Protein chains: 2
Amino acid sequence: MPRKDKRRQIMQAAEKLFATRRFHEITLDEVARIAQVGKGTIYLYFKDKDDLFFQTALAGYDDLCDVLEQRVPCDAPFEEQLLIACREISKFFQRRQQVYRMIQVEDARIPWCKGNIREAWKEKRQRVVAALSAIMRRGVDEGKVRMDIPAEAMANVLMGMLRMQAIYLVDHPGSERHIDFLVDLFYRGAGWVGGSSPPLEAASVEERNQPQRLRGF
Amino acid sequence: MPRKDKRRQIMQAAEKLFATRRFHEITLDEVARIAQVGKGTIYLYFKDKDDLFFQTALAGYDDLCDVLEQRVPCDAPFEEQLLIACREISKFFQRRQQVYRMIQVEDARIPWCKGNIREAWKEKRQRVVAALSAIMRRGVDEGKVRMDIPAEAMANVLMGMLRMQAIYLVDHPGSERHIDFLVDLFYRGAGWVGGSSPPLEAASVEERNQPQRLRGF
DNA sequence: ATACTAATACTGACCAGTCAGTTCTATAAA
DNA sequence: TTTATAGAACTGACTGGTCAGTATTAGTAT
């Protein structure tokens, strides 16, 4: 029995279980049972329950990054890259809702979890954002994307939208194509598309005429 | 000592604690200590630990709804309503990161938690979306918002964006005004703003020319 | 035989939830 | 105003069950 197999078995079981119930509701006995592995075996591969959990979630993030990097053709024009990337992320979350939920749940939690895990997490997260940022930057280069907001900031917003999409798909199965509308909304905005869209900075809203460049982010 | 006081004390303590560590890491002894209340008292007001947790989170949602309904002037034009609502949501999340995190964390969890709680949660959530939807619908009436995507769908997307904003503010304190850029991005989209923005449906992307109306949502 | 890995049995810390007892409050009677 | 009484609100020590983590035994390959 090669080590790789056992490790994967355990993580698969963990992913399945952690995704459907809360951390404290899952026992390692259960993980061991589902993984068809002795409980003690888990401790050969993982330091403790937390370690198992975070490693499983981190691996899920990695898989998402791999999918993105493989499927998005780096020589395609901006629009295609954007749409494909969003579709892939959306599909990935459907295929592996477990990972999505773990990310969704624990991403919010990261700020206060212990050191090295937090760093590892942020690094993984950064990979996804970086992939989307690269696409946005390409869009800027092609003159198709606005330049007054940093590409990374836009990538982050897009990520938030994709999350929402995933939540929606849970309650509305079978509406997978909505992702295209979401991308369109991101790209063209909610403003009226017929004719020239009226600018947002209406006189009624004070302080709206702010500098056109983001500080920080 | 009126019951209201104790109940609020307990919920405040719970909100503070649940927001900073994970559910299973919080003991009710700790909650009682922080609330300056006997442990048994908690059980006079809440059925069990889960009940305490969800009621606390639900109350947070309610507060957000109240803020929205109070602060957004219902006679103001669309742009103002939109911007004020988004700012208020953003500010609320800053003031009470705890609630934000509980919402963020548990929203993803809702699909599989026990019956009545799930229903209550979705109902609360619906209130926020409804408030944003009403604003979007007003925008449509004023001819400022596109009609090819249902208002509710756009409201949901916007909600996702605001979430992301909240995550960002955790890591980038002091950049509160970014919310305005986010609203702008939502309203005008990522497309190039100078001149006529090229449409997203580039020939290279197959199947892009889909019907202009969302099914479902 | 030996070395190494998997499965099982075990243990002790931990904590949600309880309950018997205490304190506070409100009302009434003196 | 003071005292008495009822009963509601509150408390925190206690308990029973659970489960993470470890020690032990069984299995396998060389």
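Numbers restart at 1 for each chain; the letters A, B, ... are given by sequence-line order, proteins then strands. Since this is a predicted model, take the numbers as computed values, not measurements.
The residue B:Ile26 sits close only to the backbone: its heavy atoms come under 4.0 Å of sugar-phosphate atoms, none of a base.
For B:Tyr43, taking side-chain heavy atoms from C-beta onward, the closest of the listed nucleotides C:dT18, D:dA20, C:dA6 is C:dT18. Taking the side chain of A:Val37 as heavy atoms from C-beta on, and the options D:dT11, C:dA7, C:dG17, the nearest nucleotide is C:dA7. Residue B:Thr27 places its side chain closer to C:dC15 than to any other of D:dC10, C:dC15, C:dT8. The A:Tyr45 side chain lies nearest to C:dA6 when the options are C:dA6, D:dG21, D:dC10. The side chain of A:Lys39 approaches D:dG21 more closely than any other nucleotide in the set D:dA13, D:dT11, D:dG21.
With rounding to whole Å, B:Arg33 atom CZ is found 15 Å from D:dT11 atom P. The distance from atom CD of B:Glu30 to atom P of C:dC14 is 14 Å, rounded to the nearest whole Å. Computed from coordinates, the A:Asp51 CG to D:dG21 P distance equals 10 Å when rounded to whole Å. Atom-to-atom, CZ of B:Phe46 to C1' of D:dC10 comes out at 15 Å; the value is rounded to the nearest Å. If you take NZ of B:Lys47 and C1' of C:dT18, they are 15 Å apart, rounded to a whole angstrom. Remark: P of C:dA16 and CD of A:Glu25 are 13 Å apart, rounded to the nearest angstrom. In this structure, the CZ atom of A:Phe53 is 17 Å from the C1' atom of D:dA20, given to the nearest Å. Taking atom CG of residue A:Leu28 and atom C1' of nucleotide C:dT8, one finds them 15 Å apart after rounding to whole Å.
For D:dT11, one of the phosphate oxygens OP1 or OP2 lies less than 4.0 angstrom from a side-chain nitrogen or oxygen of B:Thr41. For the OP1/OP2 pair of D:dA20 and a distance below 4.0 Å, the side-chain nitrogens and oxygens of A:Lys49 include at least one atom meeting the criterion.
Note on ring orientation: taking the six-membered ring where Trp is involved, the planes of B:Phe23 and A:His24 are parallel (angle under 30°, cut-offs 30° and 60°).
Salt-bridge annotation for B:Arg138 and B:Glu79: absent, with no side-chain N of the basic residue lying under 4.0 Å from a carboxylate O of the acidic one.
Looking at B:Arg7 and B:Gln55, their side chains do bring a donor and an acceptor atom within 3.5 Å of each other.
Residues A:His24 and B:Asp29 each lie close to DNA chain D; by heavy-atom proximity, the contact nearer the 5' end of the strand is made by B:Asp29.
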The contact string for nucleotides 23-30 of chain D, one letter per nucleotide 5' to 3', using protein heavy atoms under 4.0 Å with B, S and - for base, sugar-phosphate only and none, comes out as --------
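Atom-to-atom distance recorded for B:Lys16:NZ and B:Ile26:CD1 is 12.0 Å, nearest 0.5 angstrom.
Residues B:Leu132 and B:Met154 have side chains not in contact (no heavy-atom distance under 4.5 Å, counting atoms from C-beta outward). Using a 4.5 Å cut-off on side-chain heavy atoms (C-beta onward), B:Arg125 and B:Asn156 make contact.
For the salt bridge (Lys or Arg N to Asp or Glu O under 4.0 Å) condition, the pairs that include at least one residue of residues 60-69 of chain A, sequence neighbours left out, are A:Asp62-A:Lys124, A:Asp62-A:Arg127, A:Asp63-A:Arg96, A:Asp66-A:Arg127, A:Glu69-A:Arg127.
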